[in-house]
Every structure is written in structure tokens, then in C-alpha cells.
Amino acid sequence: MPEPRRPAIGICAGLTQACWDVWDQQAALLPLNYLTAIERAGGLALMIPPDPELIEDPDQILERLDALILAGGVDIDPATYGAEPHEETEAGTARERDDAEIALVRRALELDLPVLGICRGMQVINIARGGTLLQHVPDRVGHSGHRRNPGSFTDSEHDVRLTPGSLVARAAGEELHSTKSHHHQAVEDIGEGLEVTGWSAHDDLPEAIEAPDRRFALGVQWHPEVDETSRLIAALVDEARAYQSARVR
């Protein structure tokens, strides 16, 4: 019998100006940590660039996947949730990425495809379900501890309290979880059908959301891909493997 194929994990890429070799041009980009974390967990990583056709027909890619990851990246355009930009909201938003990812996650949730949103990706899930964002966390909590060193995960750790028995607690394997954090925005009004199941231990900022009526729909405000001890991406890949198996049957 041939070995089962690795579950296909689609992960949405950002659009940015990038430099390599002699080139300096627009690129669809993901930090390598995301891809190696998927591969280490036994998944096959498939990068999904922003594609306007996916806004109208997300099934073109979703029917080929066993799970979807929404990665971190630039701030989401506040117009997607009916807000004006805060003075601290990054000017380099990418509306084509926002619209494609919102369409993808809405349809993925309808299909009950396993979904994991990381940092910005958690915020995309919330917006896709009608939620809003807090555009600058220090305005609420009075400190910049959620993004101590912009561009670095050095000294980025803080603990998050997880609801006992929740998806995120089961995936993490504990109820007090050390995380690597790098964000200045957060979820505000929670989207329809979502529950907050994780909070920062030092200021109660929401750090995890999930849809309890879906098989695996989880958003976390931290970065498990840069933490080799984290079990979250492996938990998603395990669920993707079960989804793949059920679909084959």
C-alpha cells in the first residue's frame, strides 16, 4: 500500500516590496518559519497569494486543501470592518489580501475545513464573522508589551490563560501557555459564532478565539510558528489528516 499523502495545508501569503539578489520588486511573501513548522508537523505547505478570483470563487483552492492557515502580516484595512484608520494603523495595508482572505475563511468555515488564524489571521477570522478590531492596543492596556521589539521576537514571551476544555487548551496541552507575541492590534467586538477562549495573563487582552460549532476553527494572537515547543500547528495538521481521511472515505 502506498504511504498516505501529506495533508495539504494552504497558507495565505502577503504582498510586499522585497529585495533579493539583484531584484527589488513586489513579491508574494511568507516567513520561512510558517512553512517549516507545517512541514515539521507532517503537512504539505501550499502558499496562496492574493488572487482576486478567489474572492468570488474560493472553492477553486479550498477544494484542494485539507486545512487553511491565515498568517500574520500588515494591519488590515479598517474599512473592512467599517472603521476609520487610527493614526497608529500602518499605512501599507493590502486590501487585495484582506478581501481574498476574508472570502477564503468565510467559505472555509462554511465547509468546516480546519482553520488556524495566527496574529493578523485571528483578526481576519473575527472580521469575517462581523467583528471589529482595536487598532492600537497600547491605547487600551497602557503599555507596549505585546510588541516590545518591532521586527523581532526577542523578549516577546508572555503567558496566556486558556479556557479549560477549549480547543485552544487541548491543542496547546495546557491552560497557562507561554507565547511569543508581536502585535499592536487586537480583536474588539467579537464576531458571530465566535468565543474568546484565551486572555493575556497580565492585562486580560483577548488572545484566542474559536468557533465551537466547527471541527477546528481557531485564532491565536501569538506566533506558534516561531516556537518549536508549540503544539498548535501540529494539532491543526492532525485535524487536517483526519479531514483528509474522512474525505477519501
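From a predicted model like this one, the values you see are computed outputs, not experimental measurements. For the single chain, residues carry numbers from 1 onward in sequence order.
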Please table the atom pairs, donor to acceptor, closer than 3.5 Å between any side-chain atom in residues 49-58 and protein atoms at least two apart or in another chain.
residue: D51; atom: OD1; partner: E53; partner atom: N; Å: 2.9

Donor-acceptor pairs under 3.5 angstrom involving side-chain atoms of residues 210-225: please list them, not counting sequence neighbours.
residue: E210; atom: OE1; partner: V168; partner atom: N; Å: 3.2
residue: E210; atom: OE1; partner: T197; partner atom: OG1; Å: 2.7
residue: E210; atom: OE2; partner: L167; partner atom: N; Å: 2.9
residue: R214; atom: NH1; partner: L109; partner atom: O; Å: 2.8
residue: R215; atom: NE; partner: E239; partner atom: OE2; Å: 2.9
residue: R215; atom: NH2; partner: E239; partner atom: OE2; Å: 3.0
residue: Q221; atom: OE1; partner: Q123; partner atom: NE2; Å: 3.4
residue: H223; atom: ND1; partner: E225; partner atom: OE2; Å: 2.7
residue: E225; atom: OE2; partner: Y34; partner atom: OH; Å: 3.4

Side-chain contact test, heavy atoms from C-beta onward, threshold under 4.5 Å: evaluate it for [X] versus [Y] and give yes or no.
X: Q17; Y: Q26; value: yes
X: I38; Y: L236; value: no
X: C119; Y: H183; value: yes
X: H136; Y: E87; value: no
X: H202; Y: H146; value: yes

Exercise. Of the options H177, R161, H158, which is the one that meets E207 in a side-chain hydrogen bond (donor to acceptor under 3.5 Å, both in side chains)?
Worked result: H158
Spatial distance of atom [atom1] ([X]) from atom [atom2] ([Y]) [nearest 0.5 Å]:
X: E96; Y: L15; atom1: CD; atom2: CG; answer: 5.0 Å
X: R129; Y: D189; atom1: CZ; atom2: CG; answer: 16.0 Å
X: L162; Y: E175; atom1: CG; atom2: CD; answer: 7.5 Å
X: L70; Y: R120; atom1: CG; atom2: CZ; answer: 8.5 Å
X: R170; Y: S166; atom1: CZ; atom2: OG; answer: 7.0 Å
X: H184; Y: H86; atom1: NE2; atom2: NE2; answer: 9.0 Å

Exercise. If two hydrophobic side chains count as joined below 4.5 Å and joins carry through other members, does I125 share a cluster with L104?
Worked result: yes
Problem set entry | ILVMFWY cluster, V226 and L35 together (side-chain gap under 4.5 Å) | no
Let me have the donor-acceptor pairs involving side chains of residues 4-11, under 3.5 Å, with sequence neighbours excluded, atom names and distances please.
residue: R5; atom: NH1; partner: D66; partner atom: OD2; Å: 3.2
residue: R6; atom: NH1; partner: G43; partner atom: O; Å: 3.4

For this session: Locate the shortest heavy-atom distance separating L65 from I48; write the atom from each residue and the value.
Result: CD1-CD1, 4.0 Å
For this session: Specify the closest pair of heavy atoms between M47 and L30, including all atoms of both residues, with the distance to one decimal.
Result: CG-CD1, 3.6 Å
Exercise. Any Lys/Arg nitrogen of K180 or E157 sitting under 4.0 Å from an Asp/Glu carboxylate oxygen of the other?
Worked result: yes
Problem set entry | Side-chain ion pair, R95 and D98, N-O less than 4.0 Å | no
Exercise. In terms of heavy-atom contacts, does CH2 of W23 have more than 12 from other residues, nucleotides or ligands at under 6.0 Å?
Worked result: no
For this session: List the steps, then state whether side-chain contact (heavy atoms from CB on, under 4.5 Å) holds for R147 with V137.
Result: CA-CA 10 Å; R147 187 171 67 173; V137 166; over 6 Å; no
